[in-house]
Amino acid sequence: MVPPAKSSTSAPAPTSPLTDKPADESAGTPSSAGAAWLWPLTIAVAVALTFAPARQHELLFYDDSINIPDNPHLQRPLHLARVLHFWLHTYEGLYAPIPYTVFAAQVAVLEVAGLEPSEPLPPQIFHITSIALHALAAIAVWLWLRELTGMATAAGFGALLFALHPLAAESVGWVTDTRGLLAALFAALALWRYAVFAHRLNNERPAKAAYAWATAFFICGLLSKPSAASIPLMAAVVAVGWQKVSKRRVAISLVPWLIFAGILAIVTKSQQGAETLAFQVAWSQRPLVALDALSFSVGKLLVPVDLITDYGRSPDRIQEFARPGISMLVLVVLTLVSAISRARRIWLVALAVFVAGLTPTLGFITFSYQAHSTVADRFAYLALWGPALALAGALACWPQHALRGVAVVVIISLAVVSNAQIRYWQNDITLFQHTLTHNMRSLMAYNNLGIALFEHERYDEAIDTFRRGLEFSEDSFELHNGLGRALRASGEIEQALVAFHKAVVFAPGNLTVRNNLGETLLDARQPAAAAEQFLAVLEMGGQPYANVHFNLGSAYEALGQNQEALLCYRTALQLDPNYQEAAARCVAIEESANQTP
């Protein structure tokens, strides 16, 4: 690395975190600057090869459907007003306009390519985009690490650790977490530009342009996923602990970021309204929940096996699996080893970055997914930058070939495991069968697997799946509802009625369950009871439902109340002019009335 010219305005060169001397670029980087840029290509190729199986995967019923093909604002033909909805409102309780704009752009590309509105969306474009975004995020991490270490090769190894770790497979394989990939991309770019700014922060002329870009990228990260709110903490830890910038200067520079994060949190909360979680976690219990989540994540980081979508570590089950003594011991040992090590700045800062990445989902503030588990692989996606920083820092300090050889073996091993892990995300059936293999109490897995089997018309298997789930939770209205649907499809109407009645008992305000019960009552030739359910849905719903009006019309028609039925069918047509069945019933009733003397 050529020393910078001595000038009062020149920025200090990146330094080794161990020696505080200018990093020896020749020890860890190809001889030419052009060769250093082979690393982005290497990272992109490694990601493409490792996660290649995802290109042929399906869109999952597990949230992919509601976010893309069944999203009312992404229906074709696509209009600008529909896309603007994501910038003006939350969707499914989340304000993340950038990912939904990306989804809209993908749909628009398919429309331009000639895809008809009646044709299903091909999943390949969404999965290829996810792989590409992950590769770009890894390249952005490389830029950040290179800025911190001054060594392209050390940064390359660190970026590959992040890119190929199996904990990243969930974010890559699950199209819904495109928002997590986008947030990571913008967050890594923000950290990179902030690191450039921080290197010059002690000068009289700091890099204002770098700070402006860092701020813009941070805002984009927030607009992609709320978890990007942890980035100011990461930036502060690295600037103070690694780059040795004044704490006061760092704090002042990050105030605008905290203001932006606070504003977005207020806007999101105001549009979400009051969220009532199905559980309550006492404040005294939250440190235990956080400690368990942190130690569990460390375990999966070090031994990434048996990775699943639902680990079942919810707060209400914390006493079953939490081992606070062991968890505390693991974390204390890691901290002490980091503190007494000769390269303690590397390990302590890397550990702090890892914890910072997990902070939003440790459970200090409750969130809806905790109904299933406080921990998830995607929650550790940003936290992987901590180990990436540790590896890059270690190789920057000790660029011996033996250490690099060990790093190569580790990274290749991680890539092999990731390639196997991504294959479980092929479809809902493979994903949730794998989940149940390692967590046989996952109600989410039983429900989603049962639904997937139902959609494939494997009704007997679906019935068995729902019933196995009910053995662990008799009060799950989702499982009773799924069981009722499968029984009804297989012709077991009486048993289906029993299942739907139980679902209504456990979720009396659920409109879908009541509508399903009403339809099954019609099958059982109990139109009066069916009409009661449909009327209850319309009374509780607070908004019009074309299919419910049609069902109510069917119940009235079965009762011989044709005028009431006609009114319902016409209402259904007003709500949905393309409702052909409603139009046909209107014609039939009117013709019948005209033929009656």
Side-chain angles (χ1 to χ4, degrees), residues 60-62 65-66 70 278 427-429 432-433 436 440-541 545-561 565 568-569 572 579 581-582 585:
L60 303 179
F61 175 81
Y62 177 45
S65 294
I66 197 170
D70 295 338
N427 54 53
D428 289 280
I429 294 178
F432 292 108
Q433 283 179 338
L436 289 173
M440 62 182 299
R441 295 184 57 176
S442 173
L443 301 184
M444 180 183 76
Y446 283 116
N447 189 50
N448 283 287
L449 176 58
I451 291 172
L453 293 169
F454 175 87
E455 293 297 331
H456 285 79
E457 299 183 1
R458 294 160 61 174
Y459 301 129
D460 290 343
E461 293 175 76
I463 291 170
D464 178 66
T465 299
F466 288 123
R467 283 176 170 163
R468 284 192 292 126
L470 287 169
E471 292 177 4
F472 297 100
S473 180
E474 175 62 25
D475 60 354
S476 171
F477 81 89
E478 294 99 333
L479 294 176
H480 282 295
N481 182 62
L483 177 60
R485 292 177 65 211
L487 288 168
R488 181 188 176 202
S490 63
E492 302 290 341
I493 301 302
E494 293 302 320
Q495 292 186 52
L497 284 175
V498 172
F500 284 130
H501 276 296
K502 289 183 177 179
V504 169
V505 169
F506 295 120
N510 189 284
L511 307 184
T512 300
V513 169
R514 285 190 176 274
N515 186 61
N516 288 341
L517 174 57
E519 290 179 345
T520 310
L521 287 168
L522 280 178
D523 293 342
R525 299 183 181 180
Q526 300 179 40
E532 290 181 9
Q533 296 300 324
F534 299 135
L535 287 170
V537 171
L538 295 174
E539 181 180 348
M540 293 187 295
Y545 299 92
N547 68 315
V548 180
H549 281 284
F550 177 84
N551 289 339
L552 181 58
S554 299
Y556 282 143
E557 190 173 2
L559 290 168
Q561 301 175 20
C568 290
Y569 292 142
Y579 207 143
E581 291 179 85
R585 294 313 307 154

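As the structure is a computational prediction, the values presented were derived from the model and not from experiment.
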Heavy-atom pair with the smallest gap, counting every atom of L497 and A524: CD1-CB, 3.8 Å

Residue pair L60 / S65, side-chain heavy-atom distance below 4.5 Å: no

Side-chain (R514) to main-chain (P508) donor-acceptor, under 3.5 angstrom: yes

For P527 against A558, the heavy-atom pair lying closest together: CB-CB, 3.7 Å

Contact list for residues 473-483, test salt bridge (charged side-chain N to carboxylate O under 4.0 Å, His left out), sequence neighbours left out: E474-K502

Within residues 522-532 or reaching into it, pairs that qualify as side chain to side chain donor-acceptor pair (under 3.5 Å) - sequence neighbours excluded: R488-D523

side-chain hydrogen bond (donor to acceptor under 3.5 Å, both in side chains) involving E455 - partner list, sequence neighbours excluded: none

Minimum-distance pair of heavy atoms, taken over all atoms of G469 and L479: C-CD1, 3.5 Å

Interatomic spacing from CD1 in I429 to NE2 in H456 - rounded to 0.5 Å: 4.5 Å

Spacing of N551 atom CG and L538 atom CG [to the nearest 0.5 Å]: 9.5 Å

Steps toward side-chain contact (heavy atoms from CB on, under 4.5 Å) verdict (H501, V505): CA-CA 6 Å; H501 276 296; V505 169; 5.7 Å; no

Result of checking L483, N515, L517 against F500 for side chain to side chain contact (heavy atoms under 4.5 Å, CB included): L517

Nearest-0.5 Å distance, CG of residue L470 to OG1 of residue T465: 11.0 Å

Pair Y545-L511, side-chain contact (heavy atoms from CB on, under 4.5 Å): steps then yes or no: CA-CA 10 Å; Y545 299 92; L511 307 184; 3.3 Å; yes

Where M440 and F472 come nearest, the two heavy atoms and their spacing: O-CE1, 3.2 Å

F466 side chain near N481 side chain, heavy-atom distance below 4.5 Å: no

F432 to M444 - nearest heavy-atom pair and separation: CE2-CE, 4.2 Å

Parallel, tilted or perpendicular: ring planes of F550 versus Y569, cut at 30 and 60 degrees: tilted

D428 (side chain) donor-acceptor with F61 (main chain) under 3.5 angstrom: yes

Verdict with supporting geometry, E519 and F534, side-chain contact (heavy atoms from CB on, under 4.5 Å): CA-CA 9 Å; E519 290 179 345; F534 299 135; 4.3 Å; yes

Contact summary for V513 and A503, nearest pair of heavy atoms: CG1-CB, 3.5 Å

pair L552-Y556: side-chain heavy atoms closer than 4.5 Å: yes

Backbone of L487 reached by a side-chain donor or acceptor of S490 within 3.5 Å: yes

Sub-4.5 Å side-chain heavy-atom contact between I463 and E492: no

N427 CG to Y62 OH distance, which is reported to the nearest 0.5 Å: 15.0 Å

